[in-house]
Amino acid sequence: MKKIILLLLGLILIISSCNIKQGHPEKTTGKYVLVIHGGAGTILKKNMTSKKEKLYLEKLSQVIDSGEYILKNGGSALDAVTKCITIMENSPLFNAGKGSVFNADGKNEMDASIMDGSNLMAGAVACVQNIKNPILAARAVMEHSKHILIVSKGAEIFAKSQGLVIKPSSYFFTESRWKSYLRVKKKIEEGEKHGTVGAVALDTQGNLAAGTSTGGMTYKMPGRVGDSPIIGAGTYADNSTCAVSCTGHGEYFIKNVVAYDIGALMKYTQVSLKEAANYVILDKLKKQHAEGGVIAVDKFGNFTMTFNTSGMYRGYVTSDGFKGVKIYNKNFRNED
Ligand code: ASP
């Protein structure tokens, strides 16, 4: 009798452990993917010094390594995205955080957003001038407020109440952005009008996340808000489709709802991530003469870095061993 009871108990244990495994077939892929961008635009090799090129490639590699460390150790896509963007915001090389471009009044006004694909929670800030890391403020809005987008002084006050670091305007100043500002002010044609940083990730739990942070466009009207803090335009993540972060001429990304459009195309027409991104960036936006690009990863770990400009600072790493950082578009068309 005892033996039969033990046998039955054993059987129940085996069956229930099978059920646990079968209960989350898509949730535990064990696979991770991380893709970052540092802005798309007129980035030509002939205009780049080898020293500057090295600086960018080294920084992109450092960002990828830091994000991968989190994902490799079972950390969340959200944490990896936050970390990558924070590092790029702290670098004067990119148009986000320190190194942001100047608006028409000669001031920095920054935008950022973040989205968690596992629950569609999102947070964003816009037109902030003194928050050291706007992406951390966006995440605080998502996690510690009832709102999604908080702007200007209200966002600064909220960030302060969350213990985030506030910096004087002088912290965000960089000589090269100031020169760009003066050039645009004089209406002289110049190449680097915009830029942005972003990251998307799939973690080992099968969760997706996306984030974007920017100083916007040089000489923009004070108070202008681009696509980067707009959920659906510059950033979107949904575990059922993909995570997307955009860079480019914000007004076009807003009216084409680019980040959401890519996921929606996948959902409603069953096209692949790459097909959806190619259609939106290389066809739809190109026809509107709208410059820019996206990085995106889908729930299976497929990723794309699609842009219609001469360059996009970018990097990627996957648990399958793919890793790289790139700047240019060799054929001045989609290169990946
Ligand atoms: N999308 C950003 C904006 O319009 C700029 C950029 O990504 O280059 O504010």
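The structure displayed is predicted, hence computed values, not measured ones. The analysis underlying the following values was restricted to heavy atoms, covering all of them including side chains, and did not include hydrogens, waters or symmetry mates. In listed order, ligands and their atoms are each counted from 1.
- Each of V35, I87, L34 was compared with I64 under the side chain to side chain contact (heavy atoms under 4.5 Å, CB included) criterion, and only L34 meets it.
- Interface of S228 with ligand 1, defined as ligand atoms under 4.0 Å from a residue heavy atom, comprises 1 (N), 2 (C).
- Between F173 and W178, the ring planes are tilted. Angles from 30° to 60° get that label.
- Here's the thing with E251: none of its N/O atoms is less than 3.5 angstrom from an N/O atom of ligand 1.
- Remark: ligand 1 and G250 share an N or O pair separated by less than 3.5 Å (distance only, no angle test).
- Taking every non-hydrogen atom of D227 and a distance limit under 4.0 Å, the qualifying atoms of ligand 1 come out as 1 (N), 2 (C), 3 (C), 4 (O).
- Less than 4.0 angstrom separates some heavy atom of T247 from each of these atoms of ligand 1: 6 (C), 7 (O), 8 (O).
- Counting heavy atoms closer than 4.0 Å to ligand 1, residue R224 contributes side-chain atoms (C-beta onward) but none from N, CA, C or O.
- Between Y219 and F102, the distance separating the two ring centers is not shorter than 6.0 angstrom.
- The side chain to side chain contact (heavy atoms under 4.5 Å, CB included) test with V325 singles out one residue from I36, V317, L60, and that residue is L60.
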Before you tell me yes or no, could you show the steps for Y316 and F303 under ring-ring contact (aromatic ring centres under 6.0 Å, His included), namely the whole-Å CA-CA distance, both residues' side-chain angles and the distance that decides it to 0.1 Å?
CA-CA 9 Å; Y316 56 90; F303 72 92; 5.3 Å; yes

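- No donor-acceptor distance shorter than 3.5 angstrom exists from the side chain of K220 to the backbone of V101, with no hydrogens or angles considered.
- Residue-ligand proximity: G248 is placed with a non-hydrogen atom under 4.0 Å from ligand 1.
- Close contacts of ligand 1 with M217, meaning ligand atoms under 4.0 Å from a residue heavy atom, involve 4 (O).
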